[in-house]
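Each remark here refers to the structure printed beneath this line.
Residue numbers count from 1 along this sequence.
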Amino acid sequence: MDERQAYVDIVNRVFTHLDAATTDSAAEILRVPTSLYTDPALFELEKQTIFRQSPQFVCFSSDLPEPGSYTTFDDLGVPVLLTRDNTGTVNAFLNACTHRAARLKEGSGKTAALSCPYHAWGFDLKGQLRTVYEEQTFGTIDKSFYNLVRLPAQEKYGMVFVGLAPDVKVSIDEILGEMAPLFAAWNLGQAKVVGNHEWHLKTNWKLALDTFCEGYHFTPLHKATLGDVSIGNLSLVDYFGPDQRNHRVAFPNTSISKLREKPQASWGLEIFHEFQLVHFLYPNISMLVSPSAIEFFQLYPGKTVDEHMTRYRCYWRTQEGGAGWGVDDPQAHFEFVRDIVTKEDYWVSANVMKSLKGGLRSFSTFGRNEPALHNMHRAFARGVGRALEPAPLVKDGLY
């Protein structure tokens, strides 16, 4: 996939829709049961299947910038430690000493080796046990049986994926499918963190994720912030990866029409500034890539069906030019996106959750103009071994 040609194809598809007053669409409307967001049993099944059995996109290469770098995460009940060893390879381990399971590291940083804070057992960055504190009194052990529990991990195209169990297959090329060449061209591993933010909300994780998957709401909800910048209710949706479970949504900017005034042969990579590319990577990632920034959202289920946590990290890329939406300073851009999600997207998501918890509405409706939602929720259903059956059309409540 040639990078320039990929962008040219996007612009031409947008122009076709603009001329016809259309958008990429599903074949028909899909009604889904609201229990998708409120059923505690389904919620627990999702955690054990969708999350535990799927590779997790945990960070970018720049989060482990040099040999000795490490980072940790514990968002799904499995404490994980990532290291970059002296050969430059990324390793993932259960973040637990093999003596008596004490946690080895917290947060992120740099270290020459790993030492357990409990009894000072020492491991190298490849997870091999090297030293046992006061071994002459502890007793003799075969150290090869006490290496750290290794988890599958792969680093490619500047991204790091990890499996939360030793038998989880991690293949970034398989995850990205035909989109892989474009990800390779972006050199995402060189991006640097600008800011971090976490939301802990009374909202189901899938309900929060829905807000990233369609542009139907842009004009009504984002009128004061993005209304002059983004074209509402027009998007291009492409599916990729295993079973086409992942998707990319292209949201065009209002300025894209100026390209009609230039010969197509003169269009270069700069036309990437005329649209936003939002990727859903199964099961819980929304990632917007623009010429100068990456908006990286990780959504995790909370303790109960109506709770979730979103972690947002904004990364600034090395290319010149603004990140879009008229905000070009990295810190100001991060705060702009954070505030839109807080005050608009997640404000409405929390309100929807309150309504659904009342149990008075049996179904929600995905329009034909929201095809990514159709595809994503069918993927979630397959992930728990079910089919997404359309909800019956009934008159809820009293009329």
Side-chain angles (χ1 to χ4, degrees), residues 1-25 178-179 181-188 191 194 212-219 221-240 247-280 286-297 314-330 332-334 336-337 340-341 345 369-372:
M1 179 186 296
D2 175 74
E3 183 179 8
R4 176 190 173 276
Q5 189 59 51
Y7 301 155
V8 169
D9 291 345
I10 288 172
V11 173
N12 285 330
R13 287 170 63 189
V14 168
F15 287 164
T16 298
H17 281 310
L18 283 173
D19 292 341
T22 55
T23 183
D24 278 7
S25 300
E178 60 269 30
M179 294 291 178
L182 198 53
F183 276 79
W186 285 335
N187 198 21
L188 301 179
V194 175
F212 297 98
C213 299
E214 45 85 9
Y216 183 39
H217 72 275
F218 277 16
T219 301
L221 184 62
H222 299 312
K223 182 177 181 179
T225 50
L226 298 176
D228 294 334
V229 180
S230 296
I231 300 175
N233 200 29
L234 196 167
S235 59
L236 312 178
V237 183
D238 295 285
Y239 307 108
F240 60 96
H247 68 245
R248 183 190 72 189
V249 185
F251 297 111
N253 298 334
T254 55
S255 59
I256 197 170
S257 293
K258 69 184 182 183
L259 292 177
R260 293 184 187 266
E261 303 169 3
K262 301 178 181 179
Q264 185 168 307
S266 70
W267 297 353
L269 295 179
E270 74 281 354
I271 64 175
F272 191 8
H273 290 276
E274 305 305 330
F275 48 86
Q276 315 293 326
L277 295 180
V278 178
H279 305 79
F280 164 67
S286 180
M287 181 175 68
L288 186 156
V289 179
S290 72
S292 292
I294 305 167
E295 323 301 338
F296 184 56
F297 294 89
C314 176
Y315 294 79
W316 208 251
R317 300 178 63 198
T318 56
Q319 297 183 36
E320 296 181 357
W325 303 318
V327 183
D328 297 341
D329 173 74
H333 172 83
F334 161 70
F336 178 72
V337 175
I340 287 177
V341 174
D345 294 288
N369 57 349
E370 302 173 303

Taking the side chain as everything from C-beta on, heavy atoms only, tell me whether Gln264 gets closer than 4.5 Å to Leu259. no
From Phe218, Phe275, Phe212, residue fulfilling ring-ring contact (aromatic ring centres under 6.0 Å, His included) relative to Phe251: Phe218
Which heavy atom in Gly232 sits nearest to a heavy atom in Thr219, and how many Å separate them? CA-OG1, 3.6 Å
Check this for me: Tyr216, atom OH, are more than 12 non-hydrogen atoms of other residues, nucleotides or ligands nearer than 6.0 Å? no
Within a strict 4.5 Å, meaning less than it, do heavy atoms of the His17 and Leu236 side chains meet? yes
Restricting to non-hydrogen atoms, name the atom on Val194 and the atom on Pro330 that form the minimum distance, rounded to 0.1 Å. CG1-O, 3.4 Å
Got a second to check how far Glu3's CD is from Leu269's CG, nearest 0.5 Å? 4.5 Å
Counting C-beta onward and ignoring hydrogens, is there a side-chain heavy-atom pair between His333 and Cys314 closer than 4.5 Å? yes
Considering non-hydrogen atoms only, spot the tightest contact between Ile271 and Val11 and give its length. CD1-CG2, 4.1 Å
Set out, in order, the CA-CA distance, both residues' side-chain angles and the distance that settles side chain to side chain donor-acceptor pair (under 3.5 Å) for His217 and Glu370, then state yes or no. CA-CA 10 Å; His217 72 275; Glu370 302 173 303; over 6 Å; no
Are Thr254 and Asp228 close enough that some pair of their side-chain heavy atoms sits under 4.5 Å apart? no
Test item: Phe336 and Asp329 side chains (from C-beta on) under 4.5 Å apart, heavy atoms: no
Validate the cation-pi geometry between Arg260 and Phe15: distance from NZ or CZ to the six-membered ring centre under 6.0 Å, angle to the ring axis within 45°. yes
Side chains of Cys213 and Val249 in contact at under 4.5 Å (non-hydrogen atoms): no
Verdict with reasoning, Asn369 to Glu214, per side chain to side chain contact (heavy atoms under 4.5 Å, CB included): CA-CA 8 Å; Asn369 57 349; Glu214 45 85 9; over 6 Å; no
Any side-chain heavy atom of Asp238 sitting closer than 4.5 Å to one from Met179? yes
If you apply the rule side chain to side chain contact (heavy atoms under 4.5 Å, CB included), what do you find for Asn187 with Arg317, and how did you get there? CA-CA 9 Å; Asn187 198 21; Arg317 300 178 63 198; 5.6 Å; no
First locate atom CZ of Phe272, then atom CH2 of Trp267, and finally report the distance between them rounded to the nearest 0.5 Å. 15.5 Å
Hey, mind stepping through Ile10 and Arg248 against side chain to side chain contact (heavy atoms under 4.5 Å, CB included) and telling me if it holds? CA-CA 11 Å; Ile10 288 172; Arg248 183 190 72 189; 3.8 Å; yes
Quick check on Asn12: does its CG atom have over 12 non-hydrogen neighbours (other residues, nucleotides or ligands) under 6.0 Å away? yes
Begin with the C-alpha distance, continue with both residues' side-chain angles, and end with the deciding distance and a verdict on side chain to side chain contact (heavy atoms under 4.5 Å, CB included) for Val337 and Phe297. CA-CA 11 Å; Val337 175; Phe297 294 89; 4.1 Å; yes
How many angstroms lie between CZ in Arg13 and CG in Leu18, if you round to the nearest 0.5 Å? 13.0 Å
Which pair of heavy atoms, one from Tyr239 and one from Ala372, lies closest together, and at what distance? OH-N, 3.9 Å
Minimal heavy-atom distance between Glu274 and Ile256, with the atoms involved, is OE1-N, 3.4 Å
I'd like to check Leu277 versus Trp186 (side-chain heavy atoms, cut-off strictly below 4.5 Å). Are they in contact? yes
Quick one: pull up OH in Tyr7 and NE2 in His273 and give me the separation to the nearest 0.5 Å. 9.5 Å
Could you pull out the closest heavy-atom pair between Ile231 and Asn253, with the gap in Å? CD1-O, 3.6 Å
